[in-house]
Amino acid sequence: MAKRFQSVRGFNDVLPPDTALWQQLHAVAARSFAAYGYGEIRLPLLEHTSLFARSIGEVTDIVEKEMFSFQDREGDSLTLRPEGTASCVRAGLEHGLLHNQQQRLWYAGPMFRHERPQAGRYRQFHQLGAEAYGMAGPDIDLEIIALSARLLRGLGIGGVRLELNSLGTAETRERYRAALVAFLERHADALDAESQRRLHRNPLRVLDSKSPQTQDVLREAPTIVDALDADSRAHFEALQQGLADLGIAFTVNPRLVRGLDYYSRTVFEWITDQLGAQGTVLAGGRYDGLVEQLGGSPTPAVGWACGVERLILLMKSQGGVTPESGAHVYLCALGDEAGRAARRLAEQWRDTWPQLRLIVNAGGGKLAAQLKRADRSGAQLALILGEAELADRSIQVKSLRADASGAASPPQQTLAWAELPARLGGLLES
RNA sequence: GUGACCGUAGCUCAGUCGGUAGAGUCCCAGAUUGUGAUUCUGGUUGUCGCGGGUUCGAGCCCCGUCGGUCACCCCA
C-alpha cells in the first residue's frame with residue numbers, strides 16, 4: 001500500500017457533522033452584518049510581505065516569526081495573510097473606497113500563522129471581521145461593538161464578557177510608554193524573565209503578562225487611562241455611555257493592550273474562560289493611523305475580528321441547537337425497472353419541493369440492506385418502490401422513527417403517487 | 001520556538017514480568033427470496049506512527065524522528 005498523506009500540521013479538515021455548524025455560523029453572521037448595512041468584501045489570501053510588516057508592526061511576534069512567507073518565481077516575497085485588516089485597507093485604497101467617504105465592510109476567510117497548534121489555535125484558522133472607515137466618533141465604535149454583541153447573541157453564545165480600554169492617540173501612547181518604561185526599569189528585578197525582555201522591545205505588552213509576580217509589580221504602575229489626552233478621554237467616556245444606553249455590559253481593563261501596533265484609542269475583547277488558554281473570542285479596536293501609514297489620506301477606522309474555530313468550540317460546548325442537515329426521505333427501489341422510475345420520480349419531487357432532502361438508494365442491494373442504509377441516513381421516512389408498486393403507481397411509506405412529538409411511529413402505508421405531495425409537504429413543515 | 005503527556009484494526013480502546021496481535025464497534029453475508037432500528041451465526045480488517053539500537057526474542061526497554069493533545073509564548 002502506498003504511503004498515505006497527512007494534512008499539513010495545524011491545517012484541519014472540517015467534516016460533515018461540523019460543517020453544518022459552520023454554515024449556521026456564516027448564516028447568522030451574514031444576517032448580523034446585513035442588519036447594520038455592512039457590505040462583504042472578498043480579499044486574496046496572498047499579499048506582498050511588506051504590507052503586513054508595515055501594518056502589523058515589525059517587532060510583533062506575528063511578523064517576526066509567525067508568517068508563512070515565501071518567494072515566488074519572480075523573487076518577490078509573498079505571505080499568506082496572518083490577519084484581514086491590512087488586506088482590507090490595501091484593497092480599500094487600491095479601489096478608491098476610502099478617500100473622503102464612509103465605508104462599512106465585512107470579510108470572512110482563512111488566516112495563517114505559523115504557531116504551535118493547541119486548543120483553539122491552528123496554523124490555518126478562520127476569521128470573520130468587520131471594518132468601518134471614515135468615521136471618527138465614538139458612535140461608530142459603539143455600533144461595531146453592538147454588531148459583535150448581536151453576532152454572539154445570535155449564535156447562542158453565552159458566558160463571554162466584554163473588556164474595554166483606550167490606548168489614546170499615538171502621542172499619548174508614546175508619552176505613556178515612556179512613563180511605563182521608567183516605572184518598569186525601577187522594578188526590573190521583580191519582573192519575570194519574559195517581561196524583562198519585552199521591557200524595551202514592546203513595553204505595553206508587559207501589561208498583560210500572565211506572571212503573578214509581574215502583575216504584583218504592575219499594581220503600582222501608571223495606567224494608560226490616566227495618561228489619556230482630553231479628546232481621547234471624552235471619546236472613551238462617550239463610548240461607555242453609549243454601551244450603557246444599549247444595555248451592553250462591559251468592564252474597563254486598563255491592562256488591556258492589543259498585540260498589533262496599529263491600534264489607537266478604543267480597544268476591546270470578548271473573552272471566555274471556557275476555552276483553556278485561548279480566551280479571546282473576538283477582539284478589535286480603532287486604528288486611525290493605519291490608512292495613512294499605508295499611503296492613503298488620513299482616515300479614521302475601527303474594526304474587529306473573531307476566531308471562527310473558537311466560536312464553533314463554544315457553540316458545541318454550550319450545546320446550541322445543532323442544525324438539522326440529514327435527509328428527510330430515503331427512497332428504496334427494488335429491481336432495474338423500479339430503479340429507473342425512482343430516479344425519475346425523485347427529480348420531479350426535487351423540482352416540486354426545493355427544500356426537500358431526498359436520498360435515492362444507489363448500488364442496489366436487497367430491501368433489508370436498503371432499509372438499513374435508510375435508517376443510517378437519519379431520514380424520517382423510507383419510501384419503497386418495488387415492481388408491485390410500480391405497476392399500480394403507488395409507493396410504500398414507512399416511518400423510521402418517532403416524530404418530533406414523540407408519538408409512536410405510524411404504521412406503514414401504501415399511497416398513490418398522487419397522494420404523496422400532502423404527506424411530504426407535512427414533513428417539510430416540521 | 002520551549003516543555004509535559006500520548007501514538008496498537010476505519011472508530012473507541014485492552015495488551016500482565018520482554019515470549020504466537022486482542023476486544024467492542026463499524027462494515028459484509030446468512031437466519032428472513034420485499035422490511036431498518038432489537039436478537040443470533042459466520043466473515044473481512046494490522047508496516048503496533050516511522051527509523052535505528054539492546055536482546056535468542058521487542059507492541060513493551062533505549063536513542064532519534066514525525067504526528068497528536070495540553071500548557072508556555074502569542075493571538076482570533
What is the distance, to the nearest angstrom, from the [atom1] atom on [X] to the [atom2] atom on [N]?
X: A/F268; N: B/rA76; atom1: CZ; atom2: C1'; value: 12 Å
X: A/Q118; N: B/rU2; atom1: CD; atom2: C1'; value: 12 Å
X: A/I395; N: B/rG34; atom1: CD1; atom2: P; value: 17 Å

Say you pick atom [atom1] in [N] and the same atom in [M]; how far apart are they, in whole Å?
N: B/rC11; M: B/rC73; atom1: P; value: 34 Å
N: B/rG59; M: B/rA9; atom1: C1'; value: 14 Å
N: B/rU41; M: B/rG53; atom1: C1'; value: 48 Å
N: B/rA58; M: B/rG18; atom1: C1'; value: 6 Å
N: B/rU20; M: B/rC60; atom1: P; value: 14 Å

Under 4.0 Å, counting only non-hydrogen atoms across every strand here, what does [X] touch: a base, just sugar-phosphate, or nothing?
X: A/A382; answer: nothing
X: A/L311; answer: nothing
X: A/E269; answer: nothing
X: A/A368; answer: sugar-phosphate
X: A/E387; answer: base
X: A/G120; answer: base

Give a yes or no answer on whether the side chain of [X] reaches the backbone of [Y] with a donor-acceptor pair at less than 3.5 Å.
X: A/R161; Y: A/W270; value: no
X: A/Q240; Y: A/L243; value: no
X: A/Q370; Y: A/A333; value: yes

Exercise. Would one find more than 12 heavy atoms of other residues, nucleotides or ligands at under 6.0 Å from atom NE2 of A/H26?
Worked result: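 Yes - once you tally the heavy atoms of other residues, nucleotides and ligands closer than 6.0 Å, there are more than 12.
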
Exercise. Is any N or O donor-acceptor pair between the side chain of A/Q412 and the base of B/rU35 shorter than 3.5 Å?
Worked result: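 Such a pair exists between side chain and base.
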
Problem set entry | Nearest-neighbour nucleotide for the A/A119 side chain, B/rA76, B/rU35, B/rA71 considered |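 For A/A119, the side-chain atoms sit closest to B/rA71.
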
Exercise. If you check the A/D375 side chain, which of B/rA37, B/rU35, B/rC72 turns out closest?
Worked result: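 Nearest listed nucleotide: B/rA37.
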
Exercise. What stems, by residue range, does RNA chain B take part in, given at least 3 consecutive Watson-Crick or G-U pairs under 3.5 Å?
Worked result: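 Listed by first number, the stems are B:1-7 with B:66-72, B:10-13 with B:22-25, B:27-31 with B:39-43, B:49-53 with B:61-65.
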
Exercise. Using the ring of each side chain (for Trp, its six-membered ring), is A/Y36 parallel, tilted or perpendicular to A/Y38, with breaks at 30° and 60°?
Worked result: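 A/Y36 and A/Y38: perpendicular rings.
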
Pairs: protein N or O with nucleotides 27-31 of chain B N or O, under 3.5 Å:
unit_1	atom_1	unit_2	atom_2	d
B/rC27	OP1	A/R376	NH1	2.1
B/rC27	OP2	A/R376	NH1	2.8
B/rG30	OP2	A/K366	NZ	3.4

Write down the protein N/O and nucleotide N/O pairs, taken from nucleotides 64-68 of chain B, whose separation is under 3.5 Å; answer none if there are no such pairs.
unit_1	atom_1	unit_2	atom_2	d
B/rG68	OP2	A/R9	NE	2.6

